[in-house]
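Worksheet: the structure to be examined is printed underneath.
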Amino acid sequence: MNTPSPENPGLLNWFLVITLGVIWGGAFMSVRLSLDGFGPWTVAAWRTGLGGIALAIIGTMLGQGMHKIPSARAWIFAGIIGAGAVALPFALLSWGQQFIPSAFAGVAMGAVPLLVLPLVYLFSKEEGIGPRRVLGMLLGFVGLFILVGPGAAASTGHENEWLGRIACLAAAGCYAAGSVVTRRAPKMPPIAFATATLLLAAVILVPIAAFTEGWPNDFPTTPTAALIYVALFPTALAAVIRVRVITTAGSLFMSLTSYQVPVWSVILGVSFMGETLLPQLFFALAIILVGIGLSQSRALMAMIRR
């Protein structure tokens, strides 16, 4: 049996990274519905808090409670990731999207794989970077830009627009750095690790939400259901999958999710929200798939040979 690695992610990791793309693609729809009843800071705080509590219960039942985090060093990594790769990008995106087109936020998130490349080269050399991976990542970004890019350059006319764009790019940088830091973290149960990062992020976000937006006066049915969904699946479940993929297959492989998310977002929006099917979807999807195939060609050939 082959051990998953950056050069040989394994069938399970392929399944998990595709599943993660679907889950995060649906997060946009869920967050949009939850914002009909709650402010952006409240959504960010509650999704991390509820997600962390759910994982704490599940982890304890499965013997992966936070008591399984093995050392002070492991807790430091959990704190860094919770603050820098969960709370901070949530805050940056919440603030930045007030002033920019949503399409720019999509392109910014698609830049995560490109931002991961130099970080992997400097801090995670065992993952390996070659011309085919760089070209594959670039092709994936081109496909993403074809899908959502036409609206990314549009101006809102707001005086803080340029700061909003910087905030979204900084959020992408947080996600990229967080992937590499997760890869370097001490070995620990993935549920325990994900629980700690979410609860530590909630400790930061809940006071901000309480100060800026106060406690919700009521809990309307649809926004509340959407908020619970986004806490349990795109936040809690996704956090566990993310840790599992990064620690077994590498941050470069994990970054491929960033190219899937806008595609699934469009597909799910058309299927469940009655949105218009973008004419460039299939062309963009073809380029993204070619880029993913090129960047992971060795792993795909190894799977075919088996």
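Note that these values count all heavy atoms, side chains included, but never hydrogens, waters or copies made by symmetry. Only a predicted model underlies this, so the values are computations on that prediction, with no experimental measurement involved.
- The two atoms that bring Thr195 and Gly52 nearest to each other are CG2-O, 3.6 Å, heavy atoms only.
- For Phe253 and Trp14, the gap between ring centers is short of 6.0 Å.
- Hydrophobic clustering, with ILVMFWY side chains joined whenever heavy atoms are under 4.5 angstrom apart, keeps Val112 apart from Val243.
- Applying the side chain to side chain donor-acceptor pair (under 3.5 Å) rule to pairs touching residues 221-243 yields Arg47-Thr235, Ser179-Arg242, sequence neighbours excluded.
- Within a 6.0 Å sphere centred on CH2 of Trp41, other residues, nucleotides and ligands contribute more than 12 heavy atoms.
- Residue pairs meeting the side chain to side chain donor-acceptor pair (under 3.5 Å) criterion with at least one partner in residues 56-80, sequence neighbours excluded, are absent.
- With values rounded to the nearest 0.5 angstrom, Thr48 atom OG1 is found 9.5 Å from Ile53 atom CD1.
- In this structure, Ala44 and Phe90 approach most closely via the heavy-atom pair CB-CD2, 3.9 Å.
- Residues Gly84 and Pro89 approach most closely at O-CD, 3.3 Å, considering heavy atoms.
- Following chains of ILVMFWY side-chain contacts shorter than 4.5 Å, one can reach Leu135 starting from Ile287, so the two form part of one hydrophobic cluster.
- Taking CD1 of Ile81 as the reference point, atom CZ of Arg184 lies at 12.0 Å (rounded to 0.5 Å).
- Summarising the geometry, atom OG1 belonging to Thr248 is positioned 7.5 Å from atom CG belonging to Leu16; distances are rounded to the nearest 0.5 Å.
- In terms of hydrophobic clustering, with Ile, Leu, Val, Met, Phe, Trp and Tyr side chains grouped at heavy-atom distances under 4.5 Å, Ile191 and Met66 are assigned to different clusters.
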Item to check | Chi angles and distances behind the side chain to side chain contact (heavy atoms under 4.5 Å, CB included) call for Val116, Met254 | outcome: CA-CA 10 Å; Val116 164; Met254 172 63 207; over 6 Å; no
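- A 4.5 Å side-chain heavy-atom check between Leu237 and Leu232 finds every atom pair outside the cut-off.
- Remark: Thr257 pairs with no residue by the side chain to side chain donor-acceptor pair (under 3.5 Å) rule, at least two apart or across chains.
- The other members of the hydrophobic cluster of Phe38, by chain and number, are Val31, Leu35, Val43, Trp46, Leu50, Trp215, Phe219, Leu227, Val230 (side-chain heavy atoms under 4.5 Å, ILVMFWY only).
- A donor-acceptor pair is defined here as one N or O able to donate and one able to accept, closer than 3.5 Å; such a pair exists between the side chain of Arg183 and the backbone of Thr247.
- Taking hydrophobic clusters as Ile, Leu, Val, Met, Phe, Trp and Tyr residues chained together by side-chain heavy-atom distances below 4.5 Å, Leu198 does not share a cluster with Phe77.
- In this structure, CZ in Phe193 is found 13.0 Å from CG in Leu55, a value given to the nearest 0.5 Å.
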Checklist entry - Could you walk me through whether Ile76 and Ile80 pass the side chain to side chain contact (heavy atoms under 4.5 Å, CB included) check? => result CA-CA 6 Å; Ile76 289 171; Ile80 291 170; 3.9 Å; yes
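- Using a 4.5 Å heavy-atom cutoff, the side chains of Ile241 and Ile23 are in contact.
- When side chains are defined from C-beta on, Val180 counts as touching Val120, because their heavy atoms get closer than 4.5 Å.
- Shortest non-hydrogen contact noted between Gly82 and Ala201 is O-CB, 3.4 Å.
- The side chain to side chain donor-acceptor pair (under 3.5 Å) check on Trp95 picks up nothing, with sequence neighbours excluded.
- Between Gly51 and Ala236, the shortest heavy-atom contact is O-CB, 3.6 Å.
- Considering all non-hydrogen atoms of both residues, Pro113 and Ser255 come closest at CG-O, 3.1 Å.
- Grouping Ile, Leu, Val, Met, Phe, Trp and Tyr by side-chain contacts under 4.5 Å, direct or through others, puts Leu92 with Leu88.
- Considering CG of Leu93 and SG of Cys174, their distance stands at 9.0 Å, rounded to 0.5 Å.
- Here the OG-CD1 distance, from Ser30 to Ile228, works out to 12.0 Å after rounding to the nearest 0.5 Å.
- The shortest side-chain heavy-atom distance between Ile267 and Trp264 falls under the 4.5 Å cut-off.
- Each of Ile208 and Leu199 belongs to its own hydrophobic cluster when Ile, Leu, Val, Met, Phe, Trp and Tyr are linked at side-chain heavy-atom distances under 4.5 angstrom.
- Using a 4.5 Å cut-off on side-chain heavy atoms (C-beta onward), Asp36 and Pro220 make no contact.
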